[in-house]
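A short write-up of the structure that comes next.
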Amino acid sequence: MSGKAKTAIVPTRSDDYPEWYQQVIKAADLAEVSPVRGCMVIKPWGWSIWENMQAVLDGMFKATGHENAYFPLFIPMSFLQKEAEHVEGFAKECAVVTHHRLEPVPDGKLMPAAPLDEPYIVRPTSETIIGAMYAKWVESYRDLPILINQWANVVRWEMRTRLFLRTAEFLWQEGHTAHATEAEAWEETRRMLDVYADFAENWMAMPVIRGEKTAGERFPGAVSTLSIEAMMQDRKALQAGTSHFLGQNFSRAQQIKFQDQNGQEAFAWTTSWGVSTRLVGALIMSHSDDDGLVLPPKLAPKHVVLLPIYRNDTDRANVLAYCDSLKRDLEAIPYANGRLRVQIDDRDIRGGEKAWHHVKRGVPLRAEIGPKDIAQDAVFLCRRDTGTKASTPRAPFIATVSQTLDEIQANLFQRALKLRQDNTVTIDSLADFQAYFTPKNEERPEIHGGFALCHFSDDPAVDRLLKDMKVTIRCIPLEGDKEPGRCVISGQPSSQRAVFAKAY
RNA sequence: CGGGGUGUAGCUCAGCCUGGCUAGAGCGCUUGCUUUGGGAGCAAGAAGUCGCAGGUUCAAAUCCUGUCACCCCGACCA
C-alpha cells in the first residue's frame, strides 16, 4: 500500500495539535465519546493507566495519614446554598435531580412521576455533604484532625467537553480534612500539594510548578487555592492538581465546631484537595509523539510486550515456548511498586501491524522474538521513547531491563523539563508580552507562546486584556525570587512575578 | 444561551442544486489463496427502514414543513 506513512498519527502535533490529541486517544484505544452528551467511556487500556495512578496516589494518601471513605452522589440543594461563594461558583454547572420513579404513559413512553420535595444536585464536589457529616462528628479538639479521602465520580455540566481534559462526568479523588488550628490546616494544604507534585514528577515524569492561584482563579469558597501547573507540548498550561485552604469558611457555613483545650467553642479549619482523570490527558499531552501514545514506564499497564515471529507451526511452538519462559523470568523482576508487567501478543496478524499496535499504545519496551533471535538466545529490543532498536542477548536484557525502564522514565521527564525551560521567558514590557502570546497565523494559530514570568496586579483592566488575549495567570510560584517590580500590563507596583500562559 | 454547519454501511464521505433503473466509493469486517523480521497482495462476500415525523408527486436520499441529535466558533470551566 502507500507504505510511506511517516507517522502513525495524522495529523501531527505541529499540523493540528487538538486533532492530534483526539487521534492519539483513538489510536491507543484509551477512550471514546459515549451516547451520553459530554460523557466518555474509558476503555481498558485507558482505565488501566488510571488504575495505576489511583494505586500510587492511594498509597501516598495513606502514607500521609489519610483514610478512605465514601459519601453520597446526591446532595440536597440546600446544602450547596450554605456557602455563598461556593453556590455562585458551581450553581450554573450542576445537574439537578427533581423526580424519582418512572411510570408508563399511554404512548408507551416513560414519564417521571413523583417530584422530590427538595431537589438533589449531583455532586460537582463534596465539601457540603462531607462538611455536614463532619459537623456531626466533631465535638471536641480530640476529634480532630479528620483526614479523609474519597474516590468518586462528579458531574459538572460543562458546555464544551474534551476527552479526559473536560467531561461532564469525571472521576477523581477528593480529600477533605478538618483541623483544630489554622497552622495545621495550612500545613495539610501544603503537604498535599507536595504529594501531587511528587506524583506528577516522579510517576508521571511531568515537571510541575507549584503555586498559589490569584483571587480570580481561586476555588469558590476557599481562602487560598494552591495548584500544580504543567506545560503541555503545545506550550499551553494544564492545571494538574489543586489543594485548597478553606479557612473557616465552610466550617462556619456548616457549623463544624468543637470545644478547644480551654473549653472555648471554635470553628474547625478545613482543607480539600483533588486530582482527576484529567491527569490521563496530561500524561498523553506531556509525552506522546506523532506515532501515538508514549507512557512513562512507572504508570504503563504493560512494561514489555513480547512479539513472537514465526512462519510455520514448528517455529511457532518453539518461539511461543521461548516467549513463555522469557515472560516468566521478566515477571519475577521487581519494578516501581510491583513487578514487571509483561504481555505476549500472539494474535494471528502480521508482524508489522502488530508492532505498530503497541507503538501507538505506548508500551515502553517491545521485544520481537523469532527463530533467528532464539538461535542467538537474544531478542530484538525496541525502545518506544527513542525508537532505538538493537538485538540484545537474553541475559543482559533481563539483567538491565528495570534499569532501561528507569532510563526511559528519566528521559521522558528530562524531555518534558527541557520543553518547559526552552519555552519559559521573563517579560517586562506590554509589547513583548503581546508579541509572545500572539500567533503569526491568526486563522489557524500555530503552536506558540509558553510560560511568561511577569509582574502582575489585581486590576479590572488587566483582567480584561488577559481575557481578550486568552491568557491567564496560572499561579504565583511558591519557589522563585520575590523581587518587586511593576505589573507588565498596568504598571502598578508588584511584589513578585506570576506565571502567565494560555491554558486548558 | 448567541452565530455557523452536518445527519446516507462499523468509520470517512460522494450522490441532493436540476426528483426517475437493483443507492455508491474508500477504509474496516468475513472467507479463500499467496505472503510474512516494520502498517501485505489478489479474488469473492456480508453489511444502509438515506436522523425522525408529516406533506407535495405517478415517483422522494433528492423538493416543502416540523422535529430531534450531533459537530465547530463564542460566553463558562478541573
For A:Phe219 and A:Phe90, what are the C-alpha separation, side-chain angles and deciding distance, and is it a ring pair (Phe, Tyr, Trp, His ring centres under 6.0 Å)?
CA-CA 10 Å; A:Phe219 176 77; A:Phe90 283 109; 5.7 Å; yes
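- Residue contacts for A:Val154: at a heavy-atom cut-off of 4.0 Å it reaches no nucleic acid atom on any strand shown.
- Of the possible donor and acceptor atoms, one in the side chain of A:Thr12 sits under 3.5 Å from a partner among the backbone N and O of A:Asp15.
- Whole-Å rounding puts the A:Lys354 NZ to B:rA40 P distance at 12 Å.
- Checked against B:rA78, B:rG38, B:rG37, the side chain of A:Ser276 finds its nearest nucleotide in B:rA78.
- Rounded to whole Å, the C1' atom of B:rG51 lies 10 Å from the corresponding atom of B:rC70.
- Spacing between atom CG of A:Leu381 and atom P of B:rG37 amounts to 19 Å, rounded to whole angstrom units.
- A ring-centre distance under 6.0 Å is found for A:Trp273 and A:Phe61.
- Rounded to the nearest Å, the gap between the P atom of B:rU65 and that of B:rU22 is 29 Å.
- Taking 3.5 Å as the limit, the base of B:rG38 and the side chain of A:Arg366 contain a donor-acceptor pair of atoms between them.
- Ranked by how close their nearest RNA chain B nucleotide is to the 5' end, A:Glu368 and A:Gly241 are led by A:Glu368.
- In this structure, B:rU31 forms a base pair with B:rA43, meeting either the Watson-Crick or the G-U wobble geometry with both donor-acceptor distances under 3.5 Å.
- Under a 3.5 Å cut-off, the side chain of A:Asn52 and the backbone N or O of A:Leu299 do form a donor-acceptor pair.
- Between A:Trp151 and A:Trp50, the ring-plane angle classifies as perpendicular under the 30° and 60° cut-offs.
- Taking atom CZ of residue A:Arg464 and atom P of nucleotide B:rA75, one finds them 15 Å apart after rounding to whole Å.
- Rounded to whole Å, the separation between the C1' atoms of B:rC63 and B:rG48 comes to 23 Å.
- The distance from atom CD of A:Glu93 to atom P of B:rC1 is 17 Å, rounded to the nearest whole Å.
- Judged by Watson-Crick or G-U wobble contacts below 3.5 Å, the nucleotide B:rU65 has B:rA53 as its partner.
- A:Tyr310 comes within 4.0 angstrom of nothing in the nucleic acid, heavy atoms only.
- Between the CD atom of A:Glu158 and the C1' atom of B:rA75 there is a distance of 13 Å, given to the nearest Å.
- The gap from the C1' atom of B:rG4 to that of B:rA40 amounts to 44 Å, rounded to the nearest Å.
- Pairing for B:rC70 is with B:rG5, a Watson-Crick or G-U wobble pair whose two hydrogen-bonding atom distances lie under 3.5 Å.
- Counting to the nearest Å, the P atom of B:rG39 and the CG atom of A:Leu307 are 14 Å from each other.
- For B:rG74, one of the phosphate oxygens OP1 or OP2 lies less than 4.0 angstrom from a side-chain nitrogen or oxygen of A:Lys470.
- Using N1 to N3 plus N6-O4 or O6-N4 for Watson-Crick, or N1-O2 and O6-N3 for G-U wobble, each under 3.5 Å, B:rU22 pairs with nothing.
- Pairing of B:rU36, defined by two Watson-Crick or G-U wobble distances under 3.5 Å, is not identified with any nucleotide.
- Taking only side-chain atoms of A:Lys26, from C-beta outward, the nucleotide of B:rC11, B:rA78, B:rG39 with the closest atom is B:rC11.
- Comparing the P positions of B:rG45 and B:rU8 gives a spacing of 26 Å, expressed to the nearest Å.
- For A:Lys389, no side-chain nitrogen or oxygen approaches OP1 or OP2 of B:rG37 to under 4.0 Å.
- Within the 4.0 Å cut-off from OP1 or OP2 of B:rA40, at least one side-chain nitrogen or oxygen of A:Arg350 is found.
- Summarising the geometry, the separation between CG on A:Asp348 and P on B:rU30 is reported as 11 Å, rounded to the nearest angstrom.
- Here the side chains of A:Leu226 and A:Thr189 are in contact, with some heavy-atom distance below 4.5 Å.
- Between B:rA78, B:rG39, B:rC76, one nucleotide has an atom nearer to the side chain of A:Lys467 than all others, and that is B:rC76.
- Rounded to whole Å, the C1' atom of B:rC72 lies 42 Å from the corresponding atom of B:rC58.
- Straight-line distance between the P atoms of B:rG55 and B:rA61: roughly 15 Å, to the nearest whole Å.
- Nucleic acid contact for A:Gly370: base, since at least one base atom lies under 4.0 Å from a heavy atom of the residue.
- Nearest-nucleotide positions on RNA chain B for A:Ile374 and A:Val33 put A:Ile374 closer to the 5' end.
- Using a 4.0 Å heavy-atom cutoff across all strands shown, A:Gln239 reaches sugar-phosphate atoms only and no base atom.
- Residue A:Tyr504 is out of contact with every strand shown, counting any heavy-atom pair closer than 4.0 Å.
- No engagement by A:Ser391 is indicated, since no non-hydrogen atom pair under 4.0 Å with the nucleic acid exists.
- The CZ atom of A:Arg278 sits 5 Å away from the C1' atom of B:rA78 (whole-angstrom rounding).
- Formation of a donor-acceptor pair under 3.5 Å by the A:Asp290 side chain with backbone atoms of A:Arg13 is found in this model.
- Put simply, the side chain of A:Lys502 never gets that close to the backbone of A:Lys470: no donor and acceptor are under 3.5 Å apart.
- If you take atom C1' in B:rC50 and the same atom in B:rC13, they sit 13 Å apart, rounded to whole Å.
- The residue A:Leu165 sits close to a base: some heavy atom pair falls under 4.0 Å.
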